[in-house]
Each structure stands twice: as C-alpha cells, then as structure tokens.
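Notes follow once the structure below has been shown.
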Amino acid sequence: MKPSTITALLLPCVLSLSLPRQSHKTVRWMPLGDSITDYGCWRAWIYLRLQNDPDLYDSVDLVGGERAGEICDDSEFDRDHEGHPGFPAIQMANEGRVSEWLAMNPADVVTMHLGTVDIVRGKPRTEELLRAYSTLVGQMRGRNPNMRIIVAQIIPLGLSAEKNEQVKELNKAIPAWAASQNTTSSPIWVVDLFTGFDAEVDLYDGIHASSSGIQKIADGFYPALLTAIRYVQGGG
C-alpha cells in the first residue's frame, strides 16, 4: 500500500483544516506485452503522473506476475506488470497465457502492446496477428466481462524497411479490428504509438525505446488509460 497524504485546506479568516484526499475505487491496471512493456520506465512515468493527480492519488494498482527492475530516477513506483520478453502474440494467445495471468492477478484495465516479436522473428500475416488479438481479448473478457482494453498501434522497428512495413500494415488494420470487437460493457480504445515515433532517435537498438521513446509511449497511453480509469470508477 502507498502512504496516504493529507491536504491542508485554509478557510480564510476562520481556521485551518487538514482533510484527506477524496477516496476513489481502486482500479487494477495490467500492462500486457513483451519486452517493450517489460523494459524502460514508461509504466513508472504513467504511475507517477497518476499519483500527482489529486483525483486519482492512491487509486490505481498495477497488477501482474512480473516485477520491473529499472531504477527510473530512483522513483518509487508500482512495479507489477505482465511484460514477457521474447513472447510472440500468437503464441501467447494459443497457449491461453493471459487467462492464466488474469486468474492470478485480476484486472479492470489492460493495456496491450503486442506483435513486435512476431514481426521481428518472421513474417506473420496481419490476419494472423488480429486473430491472436481477438483470442487475447476473449481471454480478458472471460476473466472480467467488463474489462476495459487499450490496444496500441505498435511502435516502429528500426531493423529494416521490410519489417517496418509489416508494422505499418498491422497498425493500419487495428482500428477496424478494434471497432469490430468493441462492446458497451467492455470497450476497446486504440492508441497510436507509431505516429511521431522516430526509429533513429526513439529506439536504442532498432526494437526497444530509448529515453525519448519511453516518454512518447507514456504520453501515448496516458489519455486512454485515464479515460478507462474514469469508466471503472463510474465517471465514464
């Protein structure tokens, strides 16, 4: 648990009172993905930004069976996640891993950045990746029919033009796929992490985000995550 804080409220000419910040329902957020979710500090930057919001302070709990090892400027942040380096989306879907992970660590919101490993290792058809996405969404809803799901149009690859074209093709297809899977009780938001991401500057090895790329991932996910949190808390 994170320590509670007290906010001082000064009533002019009368008295000074100390009041706790408004309490909200705790929302469980599972960051799901491969090494792009595991590595870097984008989860930390989002967590700290949420902590600095007086309406959300102490109301978001990151969940998952993995623990981040990054220092992230010595900041204290919730390190739980489900980022699995080297794990292809298609394999993850076929093996039912998300259902297993959610059984152990239930969530209200899932952010998903998947498909990079599949593309790096081979030439999966976009249709195959979207079928895997659909399977993963089904596993999420099987554990929580009201799951709020945020799917990323994934960051570029700097390995080759061919690989990056596969990324572009997948990203182009994601919005229509998401619309076909969207429901009122379990909405899907799509966030564009590709546009404005410079593979030469924002990646350090052609795959993983540099410090500037990490900030762009955090900035890309944050508005949709904030909306999803509001939905769970009843204000959506």
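There is no path of hydrophobic side-chain contacts, each under 4.5 Å, that joins Ile71 to Ile46. Residues Phe87 and Tyr39 are members of separate hydrophobic clusters, defined by side-chain heavy-atom contacts under 4.5 angstrom among Ile, Leu, Val, Met, Phe, Trp and Tyr. Under the 4.5 Å side-chain heavy-atom criterion for ILVMFWY residues, a single connected hydrophobic cluster contains both Tyr47 and Leu226.
Within a 6.0 Å radius of CD in Glu95, other residues, nucleotides and ligands contribute more than 12 heavy atoms.
Listed for the Asn182 side chain is a donor-acceptor partner under 3.5 Å among the backbone atoms of Ile188. Without hydrogens or angle criteria, Ser99 side chain to Gly142 main chain gives no donor-acceptor distance under 3.5 Å. With hydrogens and angles disregarded, a donor-acceptor distance shorter than 3.5 Å links the side chain of Asp202 to the backbone of Asp198. No donor-acceptor pair under 3.5 Å is formed between the side chain of Trp42 and the backbone N or O of Gly213. Panel note: side chain Glu82, backbone Val98; no donor-acceptor pair is recorded below 3.5 Å. A donor-acceptor pair under 3.5 Å is absent between the side-chain atoms of Glu66 and the main chain of Gly83, judged by distance alone. Checking side-chain atoms of Arg43 against main-chain N and O of Asp38 turns up a donor-acceptor pair under 3.5 Å. Using a distance-only test at 3.5 Å, with no hydrogens or angles considered, a donor-acceptor pair links the side chain of Asp118 to the main chain of Ile90. Of the possible donor and acceptor atoms, one in the side chain of Arg141 sits under 3.5 Å from a partner among the backbone N and O of Ser186. With Lys216 contributing its side chain and Leu193 its backbone, the two residues share no donor-acceptor pair below 3.5 Å.
A parallel orientation is assigned to the rings of His84 and Trp101, their planes being inclined by less than 30° (bins at 30° and 60°).
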Evaluate Trp189 against Tyr231 for ring-ring contact (aromatic ring centres under 6.0 Å, His included), listing each step before the verdict. CA-CA 12 Å; Trp189 291 270; Tyr231 264 75; 5.4 Å; yes

Quick one: do Trp177 and Val137 satisfy side chain to side chain contact (heavy atoms under 4.5 Å, CB included)? Show the steps, please. CA-CA 11 Å; Trp177 164 84; Val137 166; 3.8 Å; yes

Please test Val191 against Thr111 for side chain to side chain contact (heavy atoms under 4.5 Å, CB included), starting from the C-alpha separation and ending with a verdict. CA-CA 10 Å; Val191 297; Thr111 53; over 6 Å; no

Under the side chain to side chain contact (heavy atoms under 4.5 Å, CB included) rule, what do Trp45 and Ser75 come out as? Steps first, then yes or no, please. CA-CA 9 Å; Trp45 301 154; Ser75 61; 4.2 Å; yes

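Annotation: ring pair (Phe, Tyr, Trp, His ring centres under 6.0 Å) contacts involving residues 138-161, sequence neighbours excluded, are absent.
Residues Met140 and Leu102 are in side-chain contact: their nearest non-hydrogen atoms beyond the backbone lie under 4.5 Å apart.
Side-chain contact annotation: His81 with Thr37, donor-acceptor N/O pair under 3.5 Å absent.
Within the cation-pi definition used here (under 6.0 Å to the ring centroid, within 45° of the axis), Arg49 qualifies as a partner of Tyr222.
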Which donor-acceptor pairs under 3.5 Å do side chains of residues 145-160 form with protein atoms, sequence neighbours excluded?
{"from": "Arg148", "atom 1": "NH1", "to": "Asn146", "atom 2": "O", "distance (Å)": "2.8"}
{"from": "Gln153", "atom 1": "NE2", "to": "Asn171", "atom 2": "O", "distance (Å)": "2.8"}
{"from": "Ser160", "atom 1": "OG", "to": "Lys163", "atom 2": "N", "distance (Å)": "3.1"}

Quick one: side chains of residues 124-133, donor-acceptor pairs under 3.5 Å with protein atoms, not counting sequence neighbours, listed by atom name and distance.
{"from": "Thr126", "atom 1": "OG1", "to": "Glu169", "atom 2": "OE2", "distance (Å)": "3.1"}
{"from": "Glu128", "atom 1": "OE1", "to": "Arg125", "atom 2": "N", "distance (Å)": "2.8"}
{"from": "Tyr133", "atom 1": "OH", "to": "Leu114", "atom 2": "O", "distance (Å)": "2.4"}

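Residues Ala93 and Leu136 come closest through the heavy atom pair CA-CD2, 3.7 Å.
A salt bridge does not link Asp61 to Arg28: none of the charged side-chain nitrogens sits closer than 4.0 Å to a carboxylate oxygen.
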